[in-house]
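Working notes for the structure below.
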Amino acid sequence: MAKSEILSGITVLDLTRGMPGAITTLVLSDYGADVIKVEDPIAGDPLRRWVASNTPLPEGEDGALFQFLNASKRGIALDLEQSAGRGDLFELVGRADVLVESFGPGGLAERQISKAALWQKNPGLSIVSISPWGLEGPEASRPATEFTLQAATGSIAYRGLPDRKPVAAGGRIGE
């Protein structure tokens with residue numbers, strides 16, 4: 001299947017970790033955007049090590065899901081906890097159209113990155129934040145797991161038996 005070129009000329013910085021951001025930026029890449037995945041040089045994206053079985057990956061190998069979701073993206077390792085890494089990020093921001101992040105409430109600020117500074121570097125930058133409960137409000141910092149996400153949507157109410165504990169669906173559908 002040929003790659004679409006609808007978003008050709010659009011540059012996306014992917015600062016996400018996990019499936020929601022990976023899927024979001026995969027779709028943008030599939031439509032022709034140039035996606036640059038930014039990862040911590042030591043920790044990387046935890047999705048790299050995720051496997052569907054109990055068999056651990058050999059050292060230095062990435063899981064199949066990570067490979068699939070990131071195959072069409074370029075990658076760069078930046079330590080956003082350090083000023084040099086943030087400086088490199090801001091250089092990329094100057095040439096980007098979209099920044100997608102999933103650090104959660106206060107996550108950019110924890111890395112000494114403000115939206116105002118990003119927009120000062122690039123006034124046309126669109127910033128997309130992915131968070132289970134939003135970035136503000138009483139629920140913003142509420143913990144989220146696959147099970148709490150399924151429960152919050154009400155999907156576990158229709159599985160299992162009424163006199164037993166709730167049953168979650170298998171897989172990672174909440175993400």
Side-chain angles (χ1 to χ4, degrees), residues 4 6-7 10 12-31 33 35-40 42-57 62-73 75 78 80-81 89 93 96-119 125-175:
S4 175
I6 293 171
L7 297 179
I10 300 294
V12 177
L13 298 178
D14 177 357
L15 276 63
T16 66
R17 295 176 293 188
M19 283 183 52
I23 292 169
T24 300
T25 55
L26 171 67
V27 171
L28 296 174
S29 176
D30 285 348
Y31 279 97
V35 178
I36 303 169
K37 176 135 181 83
V38 179
E39 292 183 80
D40 181 87
I42 297 171
D45 185 334
L47 197 56
R48 279 186 181 276
R49 306 297 304 155
W50 188 87
V51 294
S53 68
N54 290 329
T55 306
L57 288 170
D62 296 329
L65 182 61
F66 179 87
Q67 290 180 41
F68 168 73
L69 293 173
N70 294 284
S72 57
K73 304 171 190 175
L78 298 178
L80 301 180
E81 305 291 332
L89 174 67
V93 164
D97 300 289
V98 180
L99 181 145
V100 184
E101 62 90 12
S102 64
F103 297 129
L108 285 174
E110 288 171 12
R111 290 160 180 81
Q112 299 178 22
I113 301 169
S114 72
K115 290 179 183 177
L118 293 169
W119 285 321
L125 182 70
S126 293
I127 301 171
V128 178
S129 296
I130 298 173
S131 173
W133 314 114
L135 297 180
E136 299 173 354
E139 301 291 321
S141 295
R142 177 181 170 191
T145 67
E146 179 63 31
F147 303 111
T148 60
L149 293 173
Q150 288 186 35
T153 63
S155 70
I156 64 171
Y158 301 102
R159 284 192 292 277
L161 301 172
D163 60 332
R164 294 192 179 170
K165 294 179 182 178
V167 177
R172 298 173 74 156
I173 63 170
E175 295 183 35

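Predicted model, so just to flag it, every value in this text is computed and none were measured. We number each residue from 1, following the sequence as shown.
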*For Asp45 and Gly18, indicate whether the former's side chain and the latter's backbone hold a donor-acceptor pair under 3.5 Å.*
yes

*Are the side chain of Arg48 and the backbone of Phe66 linked by a donor-acceptor contact shorter than 3.5 Å?*
no

_Which heavy atom of Ala33 sits nearest to which heavy atom of Val12, and what is that distance?_
CB-CG2, 4.0 Å

*Could you tell me the separation between the CG atom of Asn70 and the CG atom of Leu26, rounded to the nearest 0.5 Å?*
8.0 Å

*Name all residues meeting the side-chain hydrogen bond (donor to acceptor under 3.5 Å, both in side chains) criterion together with Asp40; count only those two or more places apart in sequence or in a different chain, and write none if there are none.*
none

*Judged by atom type as modelled, is there a donor-acceptor pair below 3.5 Å linking the side chain of Lys73 to the main-chain atoms of Ala22?*
yes

Side chains of residues 100-110: which donor-acceptor pairs under 3.5 Å do they make with residues two or more places apart or in other chains?
unit_1	atom_1	unit_2	atom_2	d
Glu101	OE1	Phe103	N	2.7
Glu101	OE2	Ser129	OG	2.5
Ser102	OG	Arg17	N	3.0

*Could you check if a side-chain atom of Phe147 sits within less than 4.5 angstrom of a side-chain atom of Ile156, using non-hydrogen atoms only?*
no

*Atom CD1 in Ile10, atom OH in Tyr31: separation rounded to 0.5 Å?*
15.0 Å

_With heavy-atom distances below 4.5 Å as the criterion, would you say the side chains of Leu7 and Asp97 are in contact?_
no

*Checking Ser29 side chain against Thr25 main chain: does a donor-acceptor pair fall under 3.5 Å?*
no

*Among Leu89, Val98, Leu118, which residue meets the side chain to side chain contact (heavy atoms under 4.5 Å, CB included) test with Leu13?*
Leu89

*Taking Gln67 for its side chain and Asp62 for its backbone only, find out whether a donor-acceptor pair lies under 3.5 Å.*
yes

*Answer yes or no: is there a donor N or O on one side and an acceptor on the other, between the side chain of Trp133 and the main chain of Ser141, under 3.5 Å?*
no

*Hey, could you give me the CH2/CG distance between Trp119 and Leu99, rounded to the nearest 0.5 Å?*
10.5 Å

_So which atom in Asp30 and which in Ser72 form the shortest heavy-atom distance, rounded to 0.1 Å?_
OD1-OG, 4.4 Å

*Qualifying residues under side-chain hydrogen bond (donor to acceptor under 3.5 Å, both in side chains), relative to Thr16, sequence neighbours excluded*: Asp14

*Chi angles and distances behind the side-chain contact (heavy atoms from CB on, under 4.5 Å) call for Leu69, Met19*: CA-CA 8 Å; Leu69 293 173; Met19 283 183 52; 4.3 Å; yes

*Measuring from Arg142:CZ to Ser131:OG, what's the distance to the nearest 0.5 Å?*
11.5 Å

*Heavy atoms only: give me the nearest Pro143-Thr148 pair and the separation to one decimal.*
O-OG1, 3.9 Å

*asked:* Check this for me: Asp163, atom CG, are more than 12 non-hydrogen atoms of other residues, nucleotides or ligands nearer than 6.0 Å?
replied: yes

